Amino acid sequence: MANITIDGKPCTVKDGITIIEAIDQANTDLPRYCYHPGLSIAGNCRICQVEVEKIPRTVIACNTRVAEGMVIHTKSPKAQESQKVVLEFLLANHPLDCPVCDQAGECKLQDYYMDYGVYDPKFDEMKVKKSKKAFSIGPTVMLDQERCILCSRCVRFGDEITMTHDFGIFDRGDHARIDVYPGQELNNKYSGNVVDICPVGALTDKDFRFKMRVWYLGTQESVCPGCARGCNISIQYEKSRPYHLKSERVMRLKPRENETVNKWWICDEGRYDYKFIDFNRIQQARIRKNGSLVEVPWLELLEKTASLLKAAQSGSAWACLASARYTNEELFLQKRIFKDLLKWPLAFYAPGQEGSEDNFLIKKDKNPNTAGASQVLKFEAAAADMTPLVEKAKSGQIEGLFIFHHDLAKIYGPETLKTVRQKVKTIIYEGSNQNATADAADIVIPAATYAEKEGTFTNFEGRVQRIKKAFEPIAASRATWQVLLDLGALLGVSFTYKKPEDIFLDLAKENSAFRDLNYKKIGSQGAVWNKP
Amino acid sequence: MEPILSRNFNVPDAWRLSVAQSRGAYETAKKVISSGKPLDVVAAVTASNLRGLGGAGFPTGKKWQFLPKDSSKPVYLVINADEGEPGTFKDRYILERDPHQLIEGIIISAFAIRSHKAYIYIRGEYVEPFMRLQSAVDEAYAKNYLGKNIFGSSFGLDIVVHRGAGAYICGEETALLNSLEGGKGFPRLKPPFPAIVGLFGCPTIINNVETLACVPHILKNGPEWFVKLGSPGNGGTRLFSVSGHIKKPGVYELPMGTPLREMIYKHAGGIRGDKNLKAVVPGGISAKILTANEIDVNMDYDSLRNAGTMLGSAGVIVMDETTCMVKALVYACKFFAHESCGQCSPCREGTGWAYKIVKRIHDGQGAVKDLETLLTIAKNMEGRTICVFADAAAWPIQSYITKFRSEFEEYIG
């Protein structure tokens, strides 16, 4: 360990770390463009200048190692002068087209100018013009070379993280420019991350460009529901202009740093898979009357459902198809109602739904909570498979089905759904989005998506992570845990839970895997459960 | 003074092995390799006060001793023949007229640092020197002065001659390594230094052509002899490239510390057309300029540093009274703006910015505040980048403007 002083504050840090790492640990601000903790050190932007006592000139914090007794100043006149002049160079040929730049509001050139720069510009010359302004470099990303400050983060991302070597720096001096290699495009499974790490408006996301100014965005911590890894994300949504963009709420998803799960990155598949939150939703509670689904008040739907369930207590031929897309809390309630109380057969896993996997982030299992579902519902892997139940339904051995989320037509084909519909007398469907199974059901319960509720997912490594509500559920939809509490009450189970956290605490009491965990412990970075 | 490095420069066909050998080439190498004592070579070079003659003047023996003692990786010797500093053409003479002198120096030096592979990175524009050098390497291979079991010893050495593609920055040793590896000529962050992590991630020593050409002479005549040739702390002689408004431009081998006035008026014959001297750049275009009143200075590292400039590559550019200093600075700035690698923001933006201003002044569009802006840009570029290119670009701006301010003001009007 080394004892150092940062801006007068004594700190003890690990030997051999860089000054910028020490500064970050001390929660001190220091401007940086090329430095990124997930990438190698480039040392080219030169903005992270600090004054170190006994060294005559300011040094860059990203490539200077701490030493015992080092006294570092980040805000001394000498350090700030140095940061300021570097910023002036960086802005010399920058087009300053902030009013039409999509990065405005989250641009480090803007931010640091206000924090560290503020000077009278001396640059009176013609700026260097690049041959093309904004142009497409792949399916998801646009490049504007004039705004680029050549920090080389994107180059290093392609070289070091994805190994796809997408970008290079071409030409020299103030004509140097970032580009993809001739004949190539930026098209890998993690392309979108270069937009996140670009400190300026050089790389922008086609999906988000010009959709909304970033200062209109609200942000909520969540977890990507796209696969079993559970990458930490921020849901960024419009918060004050509901008339904008046909009431679309989610504007984009951004990765949220988590050292153990996803570092600073997310895959494109997860990043762009958010349209289901605002589109194709099941908006209303509906019951089939005279052959067609009719909108009904919630109370009527709940009472009708409860009466069907009551009539179908143990001994009857009903079954429940649960899903690993639901939270631990909701699965716990499903277990209490369908397994413990009603004693129905229950399964949750749909085989054949696996997707691609790589050795970085993407997992084959496209459910966010398979580990949690297996544990909460107390299933061995084989018993989790819902195929035998569906087969039974097809052969007419099942009288009623309560289906959570799954679209039988998509999993087993439209023919299976058709047969099941013919053979099963009553189908209750609970889910967030419209599909063939919902259309075929007798009762349709509109559910909230992960962005509209609280709860926890358990990722493939057993890390329990929280999802948080970004906004209210759409239209009449409700969070599944609330619906299950209401159904429980109508079935005579006296749940006393007020919020998902209460359910979780009970789960932690009952299930040793979750023992001693609570929302506080889980925090924003998750907590690993006890090895079951 | 008896010429040492330049002793074969005017011998016809000295670049051919037969001629070079008739004048003693490879005798020292043979003796040194047969003795089998690499550490003695390092000791001799250290004791000789030989300093890097590429420009930085770092003590060569000390540099060699930075190599890790117990590395399992191969050690590479890289010879910097990317002579690109404007006003400098002394390595060209060695490569073109006496390449065996260099190869012998490489053999001895590689032996000293236990390297078995040497790369000569030669400036792309040096076509004739490249052809002479390559044929000399081929001839040395044919005689088994290179390859396996040199001079019947267990020591082997391969030399690869690699041509650059025209970037000035590739003369910066770590940019050179990147270029040699097939990458873009971007200088590397230091630390780590090349002696620890160099070419292909292995310990590497990079020496200039002239530096290594000195090594056989040191080993032949002893370090004390070499020390005596120079000035205190600066061993040996030096090849000075003298160009510009001079009667006899060319390469002059003179003792370290030769007075500049003597060099111009005695050795190089004085100013062209017997005009008055106006200014001298003593060490390549990067070195701060000296006025005619400042030429009573000895041409060695320390004296020139004390005079506020540097010996650098020993490229002496002489300017007579007809020279327009604004024009001269336009050319210097244009050169640096064109050659900046573009990696660090102060240099990338600063060199281009400065050139635009100087050009504007030259074109009659200057404003009074421009000179202050130029000096500010130069000051702000200095010491804030990965390599010293930005400093090198700043020094002409600072020295031309401060020493010839009235000329600039005349342009601004």
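Hydrogens, waters and symmetry mates play no part in the numbers below; they use all other heavy atoms, side chains included. Owing to the predicted nature of the structure, the values given are computational and were not obtained by experimental measurement. To find a chain, count down the sequence lines: A is the first, B the second, and so on, and within it residues start at 1.
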Under a 4.5 Å heavy-atom cut-off, does chain B meet the side chain of Thr64(A), its backbone, both or neither?
neither

So, the part of Lys190(B) with a heavy atom under 4.5 Å from chain A: the answer is backbone

Let's test your reading of the structure: which of Leu90(A), Val86(A), Leu150(A) forms the most heavy-atom pairs below 4.5 Å with chain B?
Leu150(A)

The interface call for Ile41(A) against chain B, heavy-atom contacts under 4.5 Å, is both

Count the heavy atoms belonging to other residues, nucleotides or ligands that lie under 6.0 Å from NZ of Lys359(B), then report whether that count exceeds 12.
no

Whether Arg172(A) side chain and Gly342(B) backbone form a donor-acceptor pair below 3.5 Å:
no

Looking at Lys369(B), I'd like to know if its NZ atom is crowded, meaning that more than 12 non-hydrogen atoms belonging to other residues, nucleotides or ligands lie closer than 6.0 Å.
no

Distance col, row Cys34(A):SG vs Gln343(B):CD, nearest 0.5 angstrom, shows 9.0 Å

Backbone N/O of Cys45(A) and side chain of Ser345(B): donor-acceptor pair under 3.5 Å:
yes

Val59(A), part contacting chain B, at a heavy-atom distance under 4.5 Å:
neither

When you measure from the side chain of Arg384(B) to the backbone of Ile60(A), do you find a donor-acceptor pair of N or O atoms at a distance under 3.5 Å?
no

Contact part of Lys84(A) toward chain B, heavy-atom cut-off under 4.5 Å: side chain, backbone, both or neither?
neither

Side chain proximity check, Arg57(A) to Glu382(B), heavy atoms < 4.5 angstrom
yes

So what's closer than 4.5 Å to chain A heavy atoms on Arg360(B): side chain, backbone, both or neither?
side chain

Taking the side chain from Arg46(A) and the backbone from Cys344(B), do they hold a donor-acceptor pair closer than 3.5 Å?
no

I'd like to check Asn44(A) versus Phe186(B) (side-chain heavy atoms, cut-off strictly below 4.5 Å). Are they in contact?
no

Going through the checks in order, is the side chain to side chain contact (heavy atoms under 4.5 Å, CB included) test met by Trp353(B) and Lys122(A)?
CA-CA 10 Å; Trp353(B) 185 0; Lys122(A) 290 191 283 290; 3.9 Å; yes

How far apart are the C-alpha atoms of Phe89(A) and Met381(B), what are their side-chain angles, what is the distance that settles it, and do they pass the side chain to side chain contact (heavy atoms under 4.5 Å, CB included) test?
CA-CA 9 Å; Phe89(A) 284 123; Met381(B) 274 160 67; 3.8 Å; yes

Determine the option with the most heavy-atom pairs under 4.5 angstrom with chain B, choosing from Ala92(A), Gly43(A), Ala176(A).
Gly43(A)

Take atom CZ in Phe200(B); do more than 12 heavy atoms of anything else shown fall under 6.0 Å from it?
yes

Just verifying a value: how many Å separate Glu349(B) CD and Ile149(A) CD1, rounded to the nearest 0.5 Å?
9.5 Å

Residues in salt bridge (charged side-chain N to carboxylate O under 4.0 Å, His left out) with Lys327(B), at least two apart?
none

Looking only at atom types and distance, does a side-chain atom of Lys184(B) sit under 3.5 Å from a main-chain N or O of Asp171(A), one as donor and one as acceptor?
yes

Could you tell me which portion of Ile169(A) (side chain, backbone, both or neither) has an atom closer than 4.5 angstrom to a non-hydrogen atom of chain B?
both

Nearest-0.5 Å distance, SG of residue Cys62(A) to CG of residue Leu189(B):
7.0 Å

Interface residue of largest heavy-atom contact number with chain A, from Thr376(B), Thr351(B), Asn380(B), under 4.5 Å:
Asn380(B)

Side chain, backbone, both or neither: which part of Ala367(B) has an atom under 4.5 Å from a heavy atom of chain A?
neither

Check whether more than 12 heavy atoms from other residues, nucleotides or ligands sit under 6.0 Å from atom CE of Met126(A), and answer yes or no.
no

Look at atom NZ of Lys133(A) and say whether more than 12 heavy atoms of other residues, nucleotides or ligands are closer to it than 6.0 Å.
yes

Where on Ile357(B) is there a heavy atom nearer than 4.5 Å to chain A: the side chain, the backbone, both, or neither?
both

With rounding to the nearest 0.5 Å, note down the distance linking CD1 in Ile377(B) to CD in Glu88(A).
8.0 Å

Side chains of Asp124(A) and Lys356(B): closer than 4.5 Å at any heavy-atom pair?
no

Region of Tyr33(A) that comes under 4.5 Å of a non-hydrogen atom in chain B:
neither

